[in-house]
Amino acid sequence: MIRANENYNKLKASYLFSDIAKRVEAFQNNHPDRPVIRLGIGDVTHALPKAVIRGFQTGVDEMARDATFRGYGPEQGYAFLREKIAAHDFQARGAEVSADEIFVSDGAKCDSGNFQELFADDIRIAIPDPVYPVYLDTNVMAGRTGEFKDGRYESVVYMDCLKENGFLPELPEQEVDLIYLCFPNNPTGSTATKAELEKWVEYARENKALILFDAAYESFIRDESLPRSIYEIKGAREVAVEFRSFSKTAGFTGTRCGFTVVPKECMIFSGSGEKISLHAMWNRRQSTKFNGVSYPVQKAAEAVYSKEGQAEVKKLIDAYMENADIVRRTMNTLGFDTVGGENSPYIWVDGQGRDSWDFFDLLLNKASVVCTPGGGFGKCGNPYIRISAFNSLENVTTAMERVKEALR
Ligand SMILES: *Cc1c(COP(=O)(O)O)cnc(C)c1O
């Protein structure tokens, strides 16, 4: 008899974004004359930069001729891309990362979801609340979380991110082995200073723990004093893995490219305490289960690092950040406390006691604006909503005018 992995039954029944889609569809069917503006799902809206398109096309053209055709590429990604990533994203900022520590992939969702399979079943995991659901759900599927009771999984150590702690996770009271961190944060938009990350690196070093650091939004950081990579912190190479993505940075959500950094010094441990190279394990995992990212896509990603590519990507991000500014100011003017939007494309709005789904419904029904109810990201996501800056300036401006009208 073919039996199911019953850990899947422990997943919360509905997926946040399908719930939202249902409510939006119902609204649109009842009010066809009131087109909605979507500031909900974290997907970019502007076209790929021209330099990226040229890189993509070069790759496609090469595939069209026997002389330049490429078959299977290296599972870790082509050296031309890994070298640019290492030089530009890390070495230029004083972070010691070499090209052979970078694993190019089809995105940070897969990598941040897959990485947990390198660890034992009974490790203790610390996860922020609210959180990007991938970290939690992949551990549920793997059977690491226990049952879901009263809005939480029994065996997970939750790190509450609340107004009182500036929406920053605090060091857990009990000892944990694996820590998920994401800065700039999705969904709250909060950021961590160097001192904040130093605290985590020190904790991980003292407790032989590992940090999985999601830096998918690093390119939105404006404040030059904020770290963009965990490897800007001394000692992080031994205790941290970093996930990055071209999705939000360069508009690759539909093109698919990201990468994971696993430093050679990063060690985990056998049951008897012997050191095991995490780099060797991830390399083995990827070589066995992954066959690389398509050549044209890697050429497109390489073009992000060209002079034109850099200028265009900057313009793209500037445009989203202008939107973020408009959203943040509007909500503040209306009397709502917010976090995020200054170094991140998300604005986390305190609903002043409203249930987050009620706030979501209010904005949908009165302003025809779609946001994301914070409750979908965890217990501590109530009473907040997340408003995303990923849309056109025109749509964001209209949306905020409607919100002003609705909430005045
Ligand atoms: C969007 C996002 C990613 C990137 O996912 P891709 O699979 O690279 O598109 C990773 N982490 C977080 C927190 C995100 O919001």
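Every number for a ligand or one of its atoms is a count from 1 in the order of the listing. Note that the structure is predicted; figures quoted are calculated from it, not measured.
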If you measure from each heavy atom of F252 to ligand 1, is any distance below 4.0 Å?
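F252: no contact with ligand 1 (<4.0 Å).
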For T253, state whether at least one heavy atom is located under 4.0 Å from any atom of ligand 1.
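Under 4.0 Å: no for T253.
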Might you confirm whether atom CZ of R23 has over 12 heavy atoms from other residues, nucleotides or ligands at distances under 6.0 Å?
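More than 12 within 6.0 Å, yes.
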Are [X] and [Y], when compared by the centres of their aromatic rings, separated by less than 6.0 Å?
| X | Y | answer |
| --- | --- | --- |
| Y217 | Y346 | yes |
| Y135 | F243 | no |
| H46 | Y320 | yes |
| Y295 | Y78 | yes |
| F269 | F119 | no |

Looking only at distances, please establish whether an N/O atom of ligand 1 is found under 3.5 Å from an N/O atom of C257.
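By distance alone, the answer is no.
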Counting both backbone and side chain atoms, is some N or O of K109 under 3.5 Å from an N or O of ligand 1?
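Yes - when backbone and side-chain N and O of K109 are compared with those of ligand 1, one distance drops under 3.5 Å.
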In the protein, what heavy atom is nearest to [atom], and what distance, to one decimal place, separates them?
| atom | result |
| --- | --- |
| atom 11 (N) of ligand 1 | D214 OD2, 2.7 Å |
| atom 15 (O) of ligand 1 | Y217 OH, 2.5 Å |
| atom 7 (O) of ligand 1 | R256 NH2, 2.7 Å |

Atoms of ligand 1, numbered as shown, that sit under 4.0 Å from any heavy atom of [X]:
| X | result |
| --- | --- |
| K248 | 1 (C), 2 (C), 3 (C), 4 (C), 14 (C), 15 (O) |
| S245 | 4 (C), 6 (P), 8 (O) |
| N186 | 13 (C), 14 (C), 15 (O) |
| G107 | 7 (O), 8 (O) |

Name of the residue among L363, T397, N391 meeting side-chain contact (heavy atoms from CB on, under 4.5 Å) with I37
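The residue from L363, T397, N391 that satisfies side-chain contact (heavy atoms from CB on, under 4.5 Å) with I37 turns out to be N391.
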Taking NZ, NE, NH1 and NH2 as the nitrogens, is one of them in E302 or K299 under 4.0 Å from a carboxylate oxygen of the other?
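Yes, this pair counts.
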Between S247 and ligand 1, which part of the residue brings a heavy atom under 4.0 Å of the ligand: side chain, backbone, both or neither?
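Under 4.0 Å from ligand 1, S247 contributes side-chain atoms alone.
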